[in-house]
Amino acid sequence: MNKPKMASEKGVPSNSRVQILLTQLEKMTGDSMVRDPEMARQITSKLLHLIQTQGKRSRKINTTRDIQTILNILCILSELLTLGKGRRVGVFVSKGGTAVLLRILINANKEFHPNEELMLHLHSLLAKVGPKDRKLGVKARLTGALHVTINLIKKNLQNVKLVLPCLQVLRVYSANLVNAIALGKSGAIDMMFKIVAPYSKKNASLIKVAVDALVALLKSKTNARRTVEGGYVPTLLALYLDWHRNDTWHRHTVIRKGLLGCLRNVTNIKLGRRAFTKADGMRILYNSSTECLSVRTLDPLVNASSLIMRKCFPKNRLPLPTIKSAFHYQLEHVLASGPVAQLYSQPPGVDDVVDESDDNEDTEADTENDTENEEDEKDCRSLNDDIEKDINKLNPQKIPSRPYEELKVYEKFFMELSQDFQGFNFGSSTTSSSAQSAQPIVVPTAQVPSPNHVTARSTEDVCDSSAPTPALRPLQLDASDFAKGPNKNEEAHNQPDEVGEGAVLEVPDTAQLLPLHDLDLYVEMVKGTKSVPSYTEVAYPDYFGHVAPTYREPLLERLYGVQRSKIFQDIERLIHPNDIMDKVVYDLDIPSCPVIGSDGESLRFNSQFESGNLRKAIQIRKYEYDLILNSDINSNHHHQWFYFEVSGMRVGTTYRFNIINCEKSNSQFNYGMQPLMYSVQEAISGRPCWVRTGTDICYYKNHFARSSIATGGQKGKSYYTMSFSTAFSHKDDVCYFSYHYPYTYSSLKMHLSKLEALRAPEIYLREDVLCETLGGNSCPLLTVTAMPESNSSDHICQFRNRPLIFLSARVHPGETNASWVMKGTLEFLMGPSLLAATLRESYIFKIVPMLNPDGVINGNHRCSLSGEDLNRQWQNPNPELHPTIYHTKSLLQYLAHTQRAPLVFCDYHGHSRKKNVFMYGCSLKETIWQSNISTASNDIEEDLAYRALPKILSQIAPAFSMASCSFVVERSKESTARVVVWREIGVQRSYTMESTVCGCDQGKYKGFQIGTRELEEMGAQFCVALLRLKRMTGIHSHQHLLDLESDLIGTHCPTTYVMDEDEPSFLEAVDYSAESNDEDTEVDLGAAAAAASATTDTGEVPELLSDSENNRDAWKSEPVTSSQ
Ligand SMILES: [Zn+2]
């Protein structure tokens, strides 16, 4: 610390007060200052005031003696601020101290030879207080201090003592983007590259500050471009390598990190990425990172390098001829403006896999504006954008229904409302004649199959006659190959290696465990199922059935470094291209022969069965495969669901599978979810189960570019990879992998058929065909209630007047969990329990268990054969294109017209990004409350009945979480079943029930992945909850019910607003992706870091946290206040 020089006897007369104060201060320096900070603050405050008033006159007073005084004051200030830590700096800044310092700086600079010592002190002080002053950057620019500092550095490059504080100030200035641009124009970049030097023990602190300042400067794209054009990218790489090699004791990792920060910012522009690749940056960073891997403390360097490498990884095209689905379904009616017409109207020769327009990115203008005044506005937007704010749309309004004449045809689906049961013998409980009288429409389940549905020969016989024959053959529709056998001891591979059609395969005897499963019946059902590719094979898991394992499967704990090692393996493809096999082993785009001849060295893939959707498999390394999923039919995207078969595996070898064309930006695969595997050998051995399987699971953005044709015009987007590893435990096994427990349309038909067969006589069950789908499959509609006690008018009256409950499921084919919940509901409803009997006596259930059979059959994830999301068609469904929605809505319109609107409407869905089971409902009040459009939401009277059912569910269903529920009406959801049934049909309790595909983070199942047992239980608990709701409605009048429900609900507390019904913005969405999209990077990292800190204590994915944390803070070794 410099000793303050007192200008005692030479004191300036006009500054006598300053003199007095300084003398006082001098007495206080040292220990007394610490003891009496209050006093010191008072004195300095007075001093400041004097300086400020003097500053106003300082244009005239420019004598050497003034400089001496100022120097003295600066020294005192410096000591005071050093001792007083942050609080005093704060006081200094709040009193306008920085402005004074800048003014002195400007004035001093007017001298022909600015006093070096003064400049040194001024910059030291500014470096100290600058970071606390958010506006320093702007002030410095407006006063012209930027140029004073930069010119000073330029003139004194060798003067380390002076340059160091100047660089520190420059670093603070550069945090402001506009300043960074201005400094760049003044030659700051070239200047910095004169200061930043190869490894040296001597000036490390100077280099560190210089690198930091450079990182800040390079956030500007103009500066990044200047750097590239100045040829500095190879310089940066050489510098990094030099420090990497010489800093053997890792004492200067901060500098190394800073150099990577420079590279990171430079590679934010395409020009920079090109220069980086040209300078062999990939190899340099790959090799240096590999050398760092063994030292855990160097992780930030590895992560930073990995981020840069991922960004610079050349974008590849997906190895496909087109991203349009491998199958096209010719629609009879195609709307000219519809998605299918658009999809197939591209001019010939348009390559939709690669997007040329992405190359024009460099024409970007430098969009850096002075955004200082907007800084606070950014955060306020975002969340509320999607909330419906139009009050007219928020008030539930029964839109004038269609004329009754039009709806009258739907009367036939409500026979129970008019039937009088005359001539029916209620005494006899042994026959099921009741069903016959109430069952005018029978689903033609076991139709005679069309010839192309029963082709017996497998395509592989044609393609691959020389291949070694696996013991297990694909299961063909001609089920004569199979015979049920109780003998489970004999392994299939011990059987004679019989390959003929007559090979006998043992099947597990699951009749006890799966009362609704019947193998022969299943095959019969499949014969009646019409798929677009005319599938002739049956997947074993659907044939044998699935028995839920008796144990619970915990969420997979994510190991440290999983993502990083996968990414490094991906980068190796580029570094060591000769190691890559690139051997296509399965390809649906060769329709005659998708299974490509196996030489025994590769796995065999297949997914030509109901709900299967693998399009291509490419062997990358000996035990690693890239897999590509097929798009939804008549679409070019929607990849998430998967279901495929693997055989020809080696026992005990770990295979890696990468699904490389996933689209969602995050996945529960990053948070403990495992894919499902079904082993046929296990099934034969008596364990026919889908089990959670796979290790090293992660989901991350990859280097395959998405065409803007498939992203709705967005450019520069990438696909995501879902990667997992697994080993197989049986030789000659056939294994299946799936995103979630499959549930085919044929399974539904089998289950319905068995439920009907097992129906007790007191149950009224009717199965109607609501309509035919586009693909020619029937859409079943079920009616379930109790038979009337007798045909007395009282009993018939009670029977007819039961309130209606309307349920539907599986509008989204990839959400198979919805079907399992529905299975649970149906089984409970049809079950023998007293609760179920009471429930049936209380309500009439109308159930459409599968709103999108075609999507399910053809392995779609989201759409129907019209290439559209059916749950966005409810406002105006087209009878030709969306028949199931059109007719389901018509049923509800008919009910509304006859004053029989259901008490509860619920559409079962699956949720891919959240845990637990929860509901979305519709509340006017909550929507207004969340949207902030009116502070008067307290004045709105709203019946809280909509909260009762979810509240009951949260009390009785372990998987259900009230905290995840939302009752906000979103604009993007205005054409979903939930909102339309609420608004147009006037059903207050209109819900979407979302079940996780992953697991639970609360309740009894906390920490476990969800299984079919839990999903089915959820479906049953939904019924129980309806009974509780009934108890409340049954005892009390309607008004009382409201009071009661209000009591039950407790005080009205709005739930959290969730952005997207199916993909809400989720706190877990931490950064795991290398954004190459320039604009997004900073924002993403910031949000990710915020999210990361929020999820730290849940223990989820620490590696990801480190990723984002490092990215955010790595480049700021000292607190630098950003004004962006
Ligand atoms: Zn859904």
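Just so you know, these numbers come straight off a predicted model, no measurement behind them. Numbers for residues simply follow the sequence, beginning at 1. Order of appearance sets the numbers: ligands from 1, and atoms from 1 within every ligand.
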Practice task
Just to the nearest 10 degrees, tell me the angle at the Zn ion (ligand 1) spanned by Glu815 OE1 and His909 ND1.
Solution key: 90°
Exercise for the section: Using distance alone, with no hydrogens and no angle criterion, decide if Tyr535 and Thr529 have a side-chain donor and acceptor under 3.5 Å apart. Expected result: no
Handout entry: Nearest to the Zn ion (ligand 1) - the N/O/S atom of His812, by atom name
Key = ND1
Problem - Parallel, tilted or perpendicular, as decided by the 30° and 60° cut-offs, for the rings of His861 and Tyr739 - result: perpendicular
Problem - Glu994 backbone or side-chain N/O/S under 2.8 Å from the Zn ion (ligand 1) - result: no
Practice task
State which residue, out of Tyr678, Phe724, Tyr643, fulfils the ring-ring contact (aromatic ring centres under 6.0 Å, His included) condition with Phe737.
Solution key: Phe724
Problem - Ring centre gap for His909 and Tyr920 strictly below 6.0 Å - result: no
